[in-house]
Each structure stands twice: as structure tokens, then as C-alpha cells.
Amino acid sequence: MSPRPPARRGACPAFLAPMETGDGLILRLVPAEGAISPDQLRGLARAATAFGNSMMEITARGSLQVRGLTAETVAPLQDAVLALGITPRLGLAIDISPLSGLDPREVADARPLAGRIREGAAGLAGKLGPKVSVVIDGGGAISLGGQKADVRLVALRSGADVMWSVTIGGGAPELLTELEATALALDALSRIAALGRRARATDLPGCDAAQGDHDKPPAPLGTFPLADGRFACGIGLPFGAGAAELFTALADAAEAAGASDLRPATERVLLATGLDAEGAPAFAVEARRLGCLVAPHDPRAYVAACPGAPACVCAHFPARDLAPMVAEALAPLLDGTVTVHLSACAKGCAHPAPATLTFVGMDEGIALVHEGAPSGARGPVIAVDTLAARLATLALTPRAPGETGRGLLARMQEAGLPAGLWLREGNDRPMMKT
Ligand code: SF4
């Protein structure tokens, strides 16, 4: 393979078209079959060290990423991936549950439908933009409801049959048979392609309403029973990132626990599958020792952070470096109803959907958005070095009996807070009484 030129900003850092960021090129890898062996993960970690800056990530959509490449090291890394026997997904992004076909709770195995749509859309290669995506949710234990999609298909039971709810862009869902759903999905993709490589489903007539505000499903952490009597165990990368040594240690731990393979999953999770009843907790214990998330109530599970400075040239603050402090400071509010997003600029790479609280890097400091996206950031802004004190004050505010963290923030918003928190210097007094 010859080195590939850097892609333009705004494109996705795909396998064949890595994107330039502040710490070099970033290459995204989705295993075509969804799974890699522990040995392949160790090999990928070695390649990330040899050809990148040894930082690796799992994204909110469940892609593996290798950071810090140069124009000269892209091709050697691509070659190393292929030599490891990993087949990267190329072309149209079709996301399905990593447990498709293994999950006893799923309404339908999404893989056959994904294969038919991939095959049918093969002629559109090069005509669809890199961000166009299809999400096929088979209705199992791992929900894909939080993922934005141009075409979304969700399996639903209808008596003894399976029907598919199909949504194109922000249009109304249609309940269809699998054959009809395939035809509608392919028709939508053709019409998007006809509008050019910048087009998305929301550019189609009748599909331009705002995308559904899907609630963020919980990260797939913990143990999942599989149809064959074995188990999968999901662990979370702290804020989606880690050094190559961490990935190597996780591959070793999965192998020692008896895992058959490893699967990158939504919400920055790595699933080990094929474990027995002792292997699943053994993998979780070792992952926890390595600093990973193993349970949904870990406050870090509710905080998304982009790499920030210095990794990204657009960044106004070190988002990922500040994320542990933010998770710890806001832990009293993070009861599962609140999502927090640290976005070092208004682009919002780490969490495309609106969050309960979004901290946005601006030229002059950090702005706060309540129940919105980073693009909604206006002012006022605060200096980065005052963030910790202000968050401590926010977290001190007592909740009314039965009030959720999100409810408290909504009540504060109605009272002109937490914007007020941004206007005044942080102190150690609670913001409001119950
Ligand atoms: S959101 Fe973060 S990673 Fe994305 S462009 Fe902005 S600073 Fe960079």
C-alpha cells in the first residue's frame, strides 16, 4: 500500500483516509466481522507504538483508532493491520450490535440485513460521503439508540414475525417487512448519493426534521449472557483512550480469562466474548485493576471528552486531561440521568448528541451549554483554571427529595443557573437551597 494523503478536516478518520489532527494523523479501524483475537489486539498495539504515538482509542460508535501517525507511517500501519489478518470495514458505515447473532435477547440477528444493504449499496461507493451511516438495531441487550444515523432500522416483534421500523434522516418511521426495509434503505442511500458527497439524509425532501433526540443508552459494561451458554464481559476505556500498553494488558487479561475474541462496542467499551462463568468476573477484576470502567455507575461512564489540547489543533483546553477531575467533582450529580460532555471546541467530536451539560472550548475560555450541543455555546466564558472550583460549588447544591441530577440542573436553569455559576467566581457555598 502506498501512503495516503491526509483527508480534509470534517471527514472521518477512516482506514484508507486518515485525518490530520494536532498530534498527527489518526486512523480508524472497524473490524469487518466486528471481532479480533487477543493476539491481533496485541499486534495492533505493537503497530500503534511502532508507527503512531502509541495512543489508541475506542470511539462512542465502537471504532478502534490509532493516533499520532505521519504521512510516512500510514502505509506501514495499514500493512501491519492486514498482516495481522484483520480485515477492515471499507465503504459504507453500517453499525450493528457487537453481539449480533450471539445475543439471546435480540429480536433479530442484524447481520443478514446488514449484508444485503452492503451488497446493494456497493454501486454507490465513492458517491456517498464518508459520514453517511446506517444503523441496524436488532433489539438486543446493547441498544444503538444513541447513535445518529442517516438510515435507522430497528427490529420489532409483531406477533410471531419480525418487522423493521425504518427512519430516514429526521423523517417519520415506517414499519416494514425485511424485504421492504431493505428496498427503502437502498432507495434512500441512492437518493443521498445523487445529491453529492456532502449530502446527508436530512437533505432529502421530507426527511429534514431534526434527528430524533435519542436518549443515550447506558454503556454496555458488565456481564452479558450469550445464546450458547457462555458470557460476554464489557469494560470501558477511561474516556475512550489508553496507551498501547493498556490494550496489550487487556488482551492478555482476556486471553487468560478464556475469551475467544474481543469486540469494540458502543460508548467506548471493549467486550470480551466466549467467557465461562468464572472467566467473565476474572476479566472484569483485571480490567478494573488496570483502571478501566467495569460498572455502569462509574461516574466516568457519564462523561465524554474529546482528546483536546495538545492532541487536536482545534482545541482550546485539555479536555481529556481534565475529564477525571470533572467526573470526580460532578459525581454527586451523575446518577444516570446526566450526561456531561467536554468539547475542546464547538465541533463536538466526542458526543454528537446534546448532553445535559456541555463544556465548550472558546477563544476566551470555557462556555457552558445546558441541554444542548457544543454548537450552541455562546457565553459567558470562564478561565480554564477556575473550572474545578466552580464544579465543586455546583456539586454541593442539594437535591430535593426524589429529585434526579438532571432535575436539579433543570431547576437551577429555571432559576438562571448554572449560567450564574459561570458569571461569578466559584466559592464553597451551595448554589441553591432545596
Ligand atoms: S471537538 Fe475536540 S477533537 Fe474535535 S475538533 Fe474540537 S478540539 Fe478537536
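Both ligands and their constituent atoms are indexed starting at 1 by order of listing. The shown structure was predicted, so the numbers you read here are calculated from the model rather than taken from an experiment. Note: hydrogens, waters and symmetry copies are ignored here, and every other heavy atom, side chains too, is used.
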Is any side-chain N of the basic residue among Arg89 and Asp95 closer than 4.0 Å to the acidic one's carboxylate O? yes

Chi angles and distances behind the salt bridge (Lys or Arg N to Asp or Glu O under 4.0 Å) call for Arg300, Asp298: CA-CA 5 Å; Arg300 295 174 295 172; Asp298 189 317; 2.8 Å; yes

Can you name the side chain to side chain contact (heavy atoms under 4.5 Å, CB included) partners of Thr182, sequence neighbours left out? Leu113, Arg116, Ile117, Glu178, Leu186

Atoms of ligand 1 under 4.0 Å from any heavy atom of Ala315, numbered from 1 in the order shown, are 7 (S)

Give the atom numbers and elements of ligand 1 that come within less than 4.0 Å of a heavy atom of Pro307. 3 (S)

Among Gly308, Cys349, Ala305, which one puts a heavy atom closest to atom 1 (S) of ligand 1? Cys349

Of the listed options Pro374, Cys314, Cys312, Gly361, closest to atom 8 (Fe) of ligand 1 (non-hydrogen atoms): Cys312

Within ligand 1, which atoms have a heavy atom of Gly348 less than 4.0 Å away? 1 (S)

For Ser343, atoms of ligand 1 separated by under 4.0 Å from a heavy atom: 1 (S)

For residues 316-334, which side-chain N or O atoms pair as donor and acceptor with protein atoms under 3.5 Å away, sequence neighbours left out?
| residue | atom | partner | partner atom | Å |
| --- | --- | --- | --- | --- |
| Arg320 | NE | Phe239 | O | 3.4 |
| Arg320 | NH1 | Glu57 | OE2 | 2.7 |
| Arg320 | NH2 | Glu57 | OE2 | 3.2 |

State whether the number of non-hydrogen atoms from other residues, nucleotides or ligands found under 6.0 Å of Glu33 atom CD is greater than 12. no

Is Cys345 close enough to atom 6 (Fe) of ligand 1 that one of its N, O or S atoms comes in under 2.8 Å? yes

For residues Leu408 and Arg399, report the shortest heavy-atom separation together with the two atoms involved. CD2-CG, 3.8 Å

